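Only one structure is covered here, and it is reproduced in the block below.
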There are 2 protein chains.
Amino acid sequence: MELSNLNIEKYLKQNGIKPSYQRIKIFEYLVKHRNHPTVDIIYQELVKNIPTLSKTTVYNTLKLFLEKRIIQLIVIEENETRYDADITTHAHFKCEKCGRVYDIRVDLTEMKIEGLKTFQVKENHIYFKGICEKCLKENK
Amino acid sequence: MELSNLNIEKYLKQNGIKPSYQRIKIFEYLVKHRNHPTVDIIYQELVKNIPTLSKTTVYNTLKLFLEKRIIQLIVIEENETRYDADITTHAHFKCEKCGRVYDIRVDLTEMKIEGLKTFQVKENHIYFKGICEKCLKENK
DNA sequence: AATTAAAATGTAATGATTATAAATTGTCAA
DNA sequence: TTGACAATTTATAATCATTACATTTTAATT
Ligand SMILES: [Mn+2]
Ligand SMILES: [Mn+2]
Ligand SMILES: [Zn+2]
Ligand SMILES: [Zn+2]
């Protein structure tokens, strides 16, 4: 199922999450923007339309989504936790100029790693840092 | 030059770092243990022999080492920053049972990533999570 | 409508990191 | 050798993201 045309209420239910108004809006934000936001970004954007929203609710909800495995955590910088509703295997690129986090499609099937044979791998994470195309063009 | 048989004082000087007693001991800790420690681990271990050591010094020193690019930052969990004196390209595996962070040798040369062509990549980071061999054996 | 459980909220506490200022140490010319 | 200056270390306070806790609100059930 594509994230973009998803019945969010149904999707939350399917994953054992009661679809409250706040939960729907938070998940909807992740799906619609796909910008790998921090808690603060989500809160600042949603509180415009939900004035009673509490940042604690955003924290609680994201923690619940993580437990139910419908989002993933992205940690690139220390003290900057981001969230992603795309739970397929993909890498990220963070631009050190503009701060944007891009999705990067990688093929991991070919990557056989000798040193991991005896380990039980549950998650893999790949990310890059540098300067994005947009910023490279602007600084010319 | 192998990290293991390194003249630390010389190495720091070569990289534009005045080799104070604290700086030597902190770098020596990283090289000798290769355990990807947190600031707190470094501090707790060294303060045994350097009772006057301040945690601020550990923070300041690691920041300096990072600026001079003789160590790298490892961020796997949120709110758990680790440090590594091995600055060659390699991946990490963190065991969710015992918490150890292992070095994993990967060959990145074969990994050509379509989506990065137009970006200027300065750093790449790969890490895995799961259960390590040692813990798998113990829980049988 | 009353009861109960679940969810959201507001506020306080925690803990890692950073900022700041004072103390200590190292350098070097007089 | 001493005194002055700079670099480094230290102690303490401030910051900020996250978590804990208690209260209020909302939803579900009888
Ligand atoms: Mn993504
Ligand atoms: Mn390593
Ligand atoms: Zn950019
Ligand atoms: Zn283990």
Side-chain angles (χ1 to χ4, degrees), chain A residues 8-9 12-13 15-29 36-68 70-84 94 99 101, chain B residues 8-9 12-13 15-29 36-68 70-84 94 99 101:
Chain A
I8 289 173
E9 202 167 326
L12 294 181
K13 273 185 198 158
N15 287 277
I17 297 167
K18 197 172 295 182
S20 73
Y21 182 71
Q22 287 87 341
R23 287 169 179 177
I24 290 170
K25 287 301 174 188
I26 290 169
F27 195 76
E28 186 181 75
Y29 180 86
H36 313 95
T38 61
V39 163
D40 203 59
I41 291 170
I42 298 170
Y43 173 76
Q44 295 301 340
E45 286 303 308
L46 293 186
V47 78
K48 293 174 183 169
N49 296 317
I50 316 169
T52 59
L53 183 65
S54 162
K55 198 177 276 190
T56 304
T57 299
V58 182
Y59 276 106
N60 290 342
T61 302
L62 292 169
K63 177 172 284 188
L64 176 65
F65 289 173
L66 282 171
E67 282 164 11
K68 299 297 188 181
I70 64 167
I71 64 171
Q72 67 166 317
L73 208 74
I74 302 174
V75 189
I76 296 179
E77 311 280 355
E78 49 178 345
N79 297 327
E80 189 185 82
T81 306
R82 295 168 175 273
Y83 299 87
D84 193 346
K94 174 161 184 183
V101 175
Chain B
I8 289 173
E9 201 167 326
L12 295 181
K13 273 184 198 159
N15 287 278
I17 297 166
K18 197 172 293 184
S20 73
Y21 182 70
Q22 287 86 341
R23 288 169 179 175
I24 291 170
K25 286 301 174 187
I26 290 169
F27 195 77
E28 187 181 74
Y29 181 86
H36 312 97
T38 61
V39 163
D40 203 59
I41 291 170
I42 298 170
Y43 172 75
Q44 295 301 341
E45 285 304 308
L46 293 187
V47 79
K48 292 174 183 171
N49 296 315
I50 316 170
T52 60
L53 184 65
S54 161
K55 198 178 275 190
T56 305
T57 299
V58 181
Y59 276 106
N60 291 341
T61 302
L62 292 169
K63 177 172 284 185
L64 176 66
F65 289 172
L66 282 171
E67 283 164 10
K68 299 297 188 180
I70 63 167
I71 64 171
Q72 67 167 316
L73 208 74
I74 302 174
V75 189
I76 296 180
E77 312 281 356
E78 49 177 347
N79 297 326
E80 189 185 84
T81 306
R82 294 168 174 274
Y83 300 87
D84 193 347
K94 175 162 181 181
V101 175

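Only this structure's heavy atoms are used, side chains among them; waters, hydrogens and symmetry mates stay out. Proteins come first, then strands; the chains are lettered A, B, ... in the order of their sequence lines, and each starts at number 1. Keep in mind the model is a prediction, meaning the values are calculated, not measured.
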> D:dT29 C1' sits how many Å from A:Lys18 NZ, rounded?
Replying inline: 11 Å
> Taking only N and O in the side chain of B:Ser20, is any of them less than 4.0 Å away from OP1 or OP2 of D:dA7?
Replying inline: no
> Which of the following nucleotides, D:dT10, D:dA7, C:dT11, is nearest to the side chain of B:Asn60?
Replying inline: D:dT10
> Once you round it to whole Å, what is the distance between P of D:dT18 and CG of A:Leu66?
Replying inline: 12 Å
> Which whole-number value in Å describes the distance from A:Lys55 NZ to D:dT18 P?
Replying inline: 9 Å
> Of the candidate nucleotides D:dA11, C:dT18, D:dT8, which contains the atom at the shortest distance from the side chain of B:Arg23?
Replying inline: D:dT8
> Quick one: B:Leu64 CG to C:dT17 P, roughly how many Å, whole number?
Replying inline: 17 Å
> Hey, is A:Lys25 close enough to A:Glu45 for a salt bridge, meaning N to O under 4.0 Å?
Replying inline: no
> Over how many whole Å does the gap from A:Leu62 atom CG to C:dA8 atom P extend?
Replying inline: 12 Å
>> Does a side-chain N or O of B:Tyr59 approach OP1 or OP2 of C:dT17 to a distance below 4.0 Å, or not?
In response: yes
> Would you find a donor on one side and an acceptor on the other, under 3.5 Å apart, between the side chain of A:His36 and the backbone of A:Tyr83?
Replying inline: no
>> Using whole Å, what does the distance between atom C1' of nucleotide D:dT18 and atom CD of A:Glu78 come to?
In response: 15 Å
> Is there a side-chain polar atom (N or O) of B:Gln22 under 4.0 Å from OP1 or OP2 of C:dT25?
Replying inline: no
> Over how many whole Å does the gap from B:Asn79 atom CG to C:dT14 atom C1' extend?
Replying inline: 11 Å
> In whole angstroms, how far is the P atom of C:dA7 from the CD1 atom of A:Ile26?
Replying inline: 13 Å
>> Just N and O in the side chain of A:Ser54: are any of them under 4.0 Å from OP1 or OP2 of C:dA8?
In response: no
> Under the 3.5 angstrom rule, does the side chain of A:Arg82 hit a backbone N or O of A:Thr38 as a donor-acceptor pair?
Replying inline: no
> According to a strict under-4.0 Å criterion, is A:Thr56 in side-chain N/O contact with OP1 or OP2 of C:dT9?
Replying inline: no
>> Less than 4.0 angstrom between a side-chain N/O of A:Thr81 and OP1 or OP2 of D:dT18, yes or no?
In response: yes
> 5'-most contact on DNA chain D: B:Thr61 or A:Val39, nearest heavy atom basis?
Replying inline: B:Thr61
> Do the side-chain N and O atoms of A:Thr57 and A:Gln22 include a donor-acceptor pair separated by under 3.5 angstrom?
Replying inline: no
>> As an exercise, state the distance from CD1 of A:Ile8 to CD of A:Glu28, rounded to the nearest 0.5 Å.
In response: 4.5 Å
